[in-house]
Amino acid sequence: MTTRDIAVTGIGLITPAGTDAESTWRTVCAGTPTAVIDPALGDVPVPLSCRAPPFDAQALIGPQVWRMDRFTHLALIAAHEAVRNAGLDPATWDGARVAVVIGVGYDSKDLVVPAVRKLMDGAYHSLSPLLVPRTTTNAAPAEICIALGAHGPSMAVTTACASGATALGTARDLLLADRCDIALAGGAEAPCHPLPSACFAQMGALSGRLHDPQGASRPFDVDRDGFVLAEGAGLMVLERAADARARGARVRAYFSGYGSSTDGYHYAAPRPDGTGVERAFTAALRDAGLGTADIGHVNAHGTGTPINDRIEGAALARLFHRQPLAVTSTKGVTGHTLGAAGAIEAVLAALTLEHQTIPPTANLDQLDPDIDLDVVAKVPRPQRMEAVASNSCGFGGHNNVVLLRRA
């Protein structure tokens, strides 16, 4: 342990694989895909999605649930679980020393699209005065602060599909700068709506495997053809390691390094040479004082798009120089939760360390021969690991790496 180590003392998840961390981990380890034909998407070109299992938002959040959009529901559910898991009681903590940082990639469409229709029809008088506060990206951290009595720094960060990882890195910086004692950080997204679905389909980013929905999300497979839109939230409770020890907290993992870079190349496509991914990894390793030989596993961004998987795979292969490295992409099970993905996958990486087991990449029947990596497929792989990494990338050229060490 170093003075820059941040303890992960609580985790919370709600994903298409489960309504909490434990159920999500079981489903991910089983390699059970969650993609289905989604009637709510209507007649869009690719009506596939991965949605969270049904849940009672009012029972989990309270009567104020009516004023929130779905991405905020997901964020709050994961936040409550993470705080309980950390053994913290918001009624007794010093709220002025509690920070909340949530990554959200895309604003709400469930409320905005109907409002635009009203606007186009000239029905200005029927627009809700709560539309703006309910749909702004900072609604999630704001509602978490209200619910939990957090009065320290709070913010929403957005770096497209790397947003959740960026939120974790930002929270780590707040703790190292002594601007808070506890940080609740992660990402949330609820994009399963006809508008983003149709737009991503127009880009050619979505899998068109309508004849086999459960096989649609297939990262690193030679027959991959795009990602499946998904919703979810993942949050961590972070504390300085010394503070966690002092209160006798159970440490799930140590957040030992963080790195970020920007391609500065294209508004959507990654740099073809993958050097941005390498720079982010190198920065995270330097931050943690580790080398590539210390990393036993990477939870890859691995969306299942043909170009992105190939670029990420080549970057990891160059960086690790054929050293033993087991790679997985849990998006084969969960689909792509966009701005929440980096946080969800960081939580799964922490569980991978804790259980010393790497989940399989679902639907990986034949590894793309252009991807020279040891990608875990079919069944979970028991493996001794002392440090793992979670890699996230986003439109605009964002690259973020969260590096965790075993507690």
Side-chain angles (χ1 to χ4, degrees), residues 1-2 4-13 15 17-18 20-31 78 81-82 85-87 164-165 168-169 171-172 185-186 234-241 244-245 249-259 281 284-285 287-302 316 320 323-331 333-334 341-361 374-376 379-392 400-407:
M1 191 187 329
T2 72
R4 291 181 59 79
D5 272 337
I6 297 300
V8 179
T9 57
I11 56 174
L13 289 174
T15 73
D20 57 21
E22 183 179 349
S23 58
T24 294
W25 175 250
R26 284 198 306 269
T27 304
V28 166
C29 283
E81 182 190 7
N85 184 253
L168 293 172
R172 183 171 184 271
L235 273 81
M236 288 179 166
V237 172
L238 304 175
E239 304 175 62
R240 285 180 292 273
R245 283 199 311 275
R250 174 192 179 190
V251 177
R252 311 298 298 259
Y254 291 110
F255 185 177
S256 296
Y258 173 73
F281 255 100
L285 289 166
D287 189 30
L290 297 176
T292 53
D294 297 309
I295 308 302
H297 163 64
V298 172
N299 190 313
H301 188 57
L316 292 177
F320 286 88
Q323 294 168 359
L325 178 74
V327 175
T328 196
S329 171
T330 45
K331 289 184 178 73
V333 170
T334 65
I344 290 170
E345 289 153 17
V347 172
L348 292 172
L351 288 167
T352 296
L353 264 181
E354 189 171 276
H355 291 277
Q356 295 286 281
T357 301
I358 301 170
T361 303
D374 175 17
V375 183
V376 180
V379 295
R381 180 187 297 178
Q383 179 173 306
R384 182 170 178 78
M385 296 162 282
E386 295 301 321
V388 303
S390 176
N391 182 48
S392 301
N400 297 76
V401 174
V402 171
L403 198 152
L404 304 173
R405 287 195 308 103
R406 190 179 183 188

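FYI, side chains are in, hydrogens and waters are out, and symmetry mates aren't considered; it's all heavy atoms of this structure. Positions are given from 1, in the same order as the sequence printed here.
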(message) Evaluate Thr334 against Thr15 for side chain to side chain donor-acceptor pair (under 3.5 Å), listing each step before the verdict.
(response) CA-CA 7 Å; Thr334 65; Thr15 73; over 6 Å; no
(message) Within the 4.5 Å heavy-atom criterion, are Pro359 and Pro380 side-chain neighbours or not?
(response) no
(request) For the residue pair Val388 and Val298, establish whether any side-chain heavy-atom pair is separated by less than 4.5 Å. (result) no
(request) Please name all residues satisfying side chain to side chain donor-acceptor pair (under 3.5 Å) with Arg252, sequence neighbours left out, ordered by chain then number. (result) Asn85, Glu354
(request) Can you measure from CG (Asn391) to CG (Leu403) and round to the nearest 0.5 angstrom? (result) 11.0 Å
(message) Nearest 0.5 Å, please: how far is CG in Leu13 from CG in Leu351?
(response) 7.0 Å
(message) Nearest 0.5 Å, please: how far is CG in Leu325 from CD1 in Ile295?
(response) 8.5 Å
(message) For Ser392 versus Gly342, what's the shortest heavy-atom pair and its separation?
(response) OG-CA, 3.2 Å
(request) Name all residues meeting the side-chain contact (heavy atoms from CB on, under 4.5 Å) criterion together with Ala407; count only those two or more places apart in sequence or in a different chain, and write none if there are none. (result) Val251, Tyr254
(request) State, yes or no, whether a side-chain contact exists between Leu316 and Phe281 at a heavy-atom distance under 4.5 Å. (result) yes
(request) Answer yes or no for Arg172 and Phe255: cation-pi contact, defined as NZ/CZ to six-membered ring centre under 6.0 Å and angle to ring axis within 45°. (result) yes
(request) State, with a plain yes or no, whether a side-chain heavy atom of Trp25 is found less than 4.5 Å away from one of Val347. (result) no
(request) State the CZ-CG distance between Arg240 and Asp5, to the nearest 0.5 angstrom. (result) 13.0 Å
(request) Could you grab the distance from atom CD1 of Ile358 to atom SG of Cys29, nearest 0.5 Å is fine? (result) 10.5 Å
(request) Identify the heavy atoms of Ala244 and Ala7 that sit nearest to each other, and give their distance. (result) CB-CB, 3.8 Å
(request) With the side chain counted from C-beta on, respond yes when Thr27 and Val333 share a heavy-atom pair under 4.5 Å apart, and no when they do not. (result) yes
(request) Write down the atom of Ala349, the atom of Ser390, and the distance for their closest heavy-atom approach. (result) CB-CB, 4.5 Å
(request) Check whether any side-chain heavy atom of Leu290 lies under 4.5 Å from a side-chain heavy atom of Arg405, and answer yes or no. (result) yes
(request) Over all heavy atoms of both residues, which pair between Asp287 and Gly257 is shortest? Give the atoms and the distance, please. (result) OD2-CA, 3.4 Å
(message) Give me the atom names and distance for the closest heavy-atom approach of Val376 to Ala326.
(response) CG2-CB, 4.0 Å
(message) Under a 3.5 Å distance rule, please check whether Glu239 uses its side chain to pair with a backbone N or O of Thr9 as donor and acceptor.
(response) no
(message) I'd like to check the side-chain contact (heavy atoms from CB on, under 4.5 Å) partners of Gln356; sequence neighbours left out, ordered by chain and number.
(response) Leu353, Arg384, Met385, Arg406
(message) Which residues pass the side chain to side chain donor-acceptor pair (under 3.5 Å) test with Glu81, not counting sequence neighbours?
(response) none
(request) Please name all residues satisfying side chain to side chain donor-acceptor pair (under 3.5 Å) with Ser329, sequence neighbours left out, ordered by chain then number. (result) none
(request) Would you indicate whether the side-chain heavy atoms of Thr24 and Leu348 approach each other to under 4.5 Å? (result) yes
(request) Could you tell me which non-hydrogen atom of Gln323 sits nearest to which non-hydrogen atom of Ala293, and how far apart they are? (result) OE1-N, 3.3 Å
(request) Could you tell me the separation between the NE2 atom of His297 and the CG atom of Asp374, rounded to the nearest 0.5 Å? (result) 11.0 Å
(message) Under the rule for salt bridge (Lys or Arg N to Asp or Glu O under 4.0 Å), what residues qualify as partners of Glu22, not counting sequence neighbours?
(response) Arg26
(message) I'd like to know if the side chain of Thr328 and the backbone of Asn299 have a donor-acceptor N/O pair within less than 3.5 Å.
(response) no
